[in-house]
Amino acid sequence: MTTHTLELKNLTKKIKSKTIVDDLSFSVREGEIFGLLGPNGAGKTTTIRMIVGLISITDGDVFINGTNVRENYEKAMEQVGAIVENPQLYDFMSGYKNLMQYARIMPGVTKERIDEVIKLVDLEYAIHDKVKTYSLGMRQRLGVAQALLHKPNVLILDEPTNGLDPQGIYDLRNYLRLLANNGTSVIVSSHMLAEMQMMCDRVAIIQHGKLVRIDEITNQEDEADVKVHFQIEGDVHQAKKVLSDMNPELDVSESGNELIVQVSDLKSIAELNKQLVLAGVLVVGIQRKTKTLEERFLEMTKKGGDLNEVAVPVNE
Amino acid sequence: MKWLSLLTNEWIKIFSRVRTWIFIALPILIIIGVAVYDKVATDADVNENWKQELIQTTEDDKKALAEAKKNEDDAFYIEMLESNIKQNEYAIENDISPYEKTTWKFMKEMAPISSLIGLFVIVVASDIVSSEFSKGTIKMLLIRPYSRWKILLSKFLATLGFAFVMWLVVIATTWLVGGLAYGFGGIDQTYLVVNGTEEVRERTVVEYVFANIGVEFIELTALVALSFMISTLFMSNSVAIGVAMFTMFAGNTIVMLLATKDWIIYTLFANMDLSTLIDGQNQLIKDLTLPFSISMLAIYTAVMLAITFTVFQKRDVKA
Ligand SMILES: Nc1ncnc2c1ncn2[C@@H]1O[C@H](COP(=O)(O)OP(=O)(O)O)[C@@H](O)[C@H]1O
Ligand SMILES: [Mg+2]
């Protein structure tokens, strides 16, 4: 039996007759990383604000570890750590004193735990500096640190990669995975699908406050949707003809100087490459790309919103 | 109790800011400055010849009074002259020098410094809620396992604690500085109170000083409640500072302008300056007495706190 740590039931938020979150329901399992994916303005932050009680719920319910947030807020929030939008911290205090503020009021946070968390987010070198000297990335990491202090089993991070450098994003992904493996449910929101794809076990796609669908991110190697990109030096059209003639069933398309072919297994890729080379086509590069989530996302949201990073990672 | 940690947090936040220390240092420097200046500048002869001087002043006042009556001047002015004359004659007769200085006298004279304390307390109280909204830190605070009223209460109590501590520090400093400058004696020293047509009364200075300490606690509580309410309603510290300062300083002027209106005594303005009522009722508005004003402030404080907590509990936090 799967345990659900966070459950949303028909959650709705209306502000002045405008529906911002519309009948949203989903459940997050213990130990999974769950993504909220949607373009800017989709209602992700509004949903998170309702979950943590910053704004009132117009309709529906939120259960955290089985406790209804509307009925017993204090109990429900005991096991929650969160960042809502940018982590805003006390500028006039050091990072450490900021953490102390939260350590003091949360149950069971020892001094050792504080040091452990600081080490985890890699802020030891600056923890005694005033927060006003911090970069956005450092604030983000301090924000994560305060959310983790009391070992919450529900961790909610709203656009946590904002302001992080690539190394920071990589580290974040790794320790979120570590937390999830230890049973924490992690909820992350983002408008960047590539990020969600790399980070999450499941992703809820949200648009105009409505749940569009929930996708499992399975082992991408097995996906039928893997595509292979052959980079061609020379006449791409000619190259396409070569493949189409020899493999009538094959789905081949052109894009710039690339041929995009729908195959996934390594043998077929090698075979196609051989055919091209034998026909005298210059193949300068081969890449396998998984586009499932991106395609679904763009299909669903019809290119709505502002997608900063639609490129999808390459699986080497 | 974990809940007390909320209070510790607020206290730490207040004292982590440089301005807090300036607020505490400034009154102390002023007190020392006044004492030093007084020591250096005061003419020592005055102490010896105070009777002569007082007789002269009384004669001058009497002339002025005759003049004023002939010209049918302002009644308030005439009354003031009459009470001055009465007071000075009593002092001459009973040998009570108005110039004899002790630390208690110094404390009585320094009592207006409470306005400065009030001002600083307004700044801190107006900021403690609204700055968390403007900086967005309120989000990080509210998502803890504490009901909102507990968080607001911790802020209120922390501000009140800060106000009281600051006031006590100032009192202690005044006593100490005054004692070093003028000696710690004079516990039975008296001063003269004249209330309109009543007889002249003697009252100990110590009595006044302690009454003033007491009423300032009450005033500060009302001031904190007012700043709190405005800053929670408007989420702006500047609006809160403005309104509270206006109530505190412009209040007296407004009361004077509207002294003839019956309802004026029920406004917050009219009841914000309790120290003027220690020696009896307000000279302009006879219905204003200490017990009345304290009751009015208690009612206002309760209502303002009720509004603040209700609004805060329901507010959508979009910071
Ligand atoms: N207080 C508000 N009043 C009116 N509209 C709001 C308010 N807050 C957010 N919205 C609207 O709700 C929508 C969702 O906002 P938000 O939850 O911040 O989106 P996301 O986090 O997915 O980018 C936006 O269109 C925004 O304009
Ligand atoms: Mg958002």
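Here is the naming used below: chain letters follow the sequence lines, and residue numbers restart at 1 for every chain.
With a threshold of 4.5 angstrom between heavy atoms, A:Arg104 approaches chain B through its backbone and through its side chain. Proximity to chain B (any heavy atom under 4.5 Å) is restricted, for A:Lys13, to the side chain, taken from C-beta onward. For B:Lys314, no part sits under 4.5 Å from any heavy atom of chain A, backbone or side chain. In this structure, no portion of A:Gln79 lies under 4.5 Å from any heavy atom of chain B. At a 4.5 Å heavy-atom cutoff, the contact between B:Arg315 and chain A is made by backbone atoms alone. With a 4.5 Å cut-off on non-hydrogen atoms, A:Met106 touches chain B through its backbone and its side chain both.
In this model, a donor atom of one side chain and an acceptor atom of the other lie less than 3.5 Å apart for B:Ser293 and B:Asn271. With no hydrogens or angles considered, no side-chain donor-acceptor pair links A:Glu30 and A:His4 at under 3.5 Å. With hydrogens and angles left out, the side-chain atoms of A:Asp23 and A:Ser25 include no donor and acceptor closer than 3.5 Å. A donor-acceptor pair shorter than 3.5 Å can be found between the side chains of A:Thr161 and A:Glu195.
Among the candidates A:Ile55, A:Val52, A:Ile105, A:Thr45, the residue making the largest number of heavy-atom pairs closer than 4.5 Å to chain B is A:Ile105. Considering only heavy-atom pairs separated by less than 4.5 Å from chain B, the leading option among A:Lys97, A:Glu78, A:Met100 is A:Glu78. The candidate with the highest count of non-hydrogen atom pairs below 4.5 Å against chain B, out of A:Glu85, A:Gln88, A:Lys75, A:Met77, is A:Gln88. The residue among A:Tyr73, A:Phe92, A:Tyr90 with the most heavy atom pairs within less than 4.5 Å of chain B is A:Tyr90.
Checking side-chain atoms of B:Thr173 against main-chain N and O of B:Ile28 turns up no donor-acceptor pair under 3.5 Å.
Side-chain contact between A:Tyr175 and A:Val144 is present, with at least one heavy-atom pair separated by less than 4.5 Å.
Across all non-hydrogen atoms, the minimal contact from B:Phe120 to B:Pro27 is CE1-CD, 4.0 Å.
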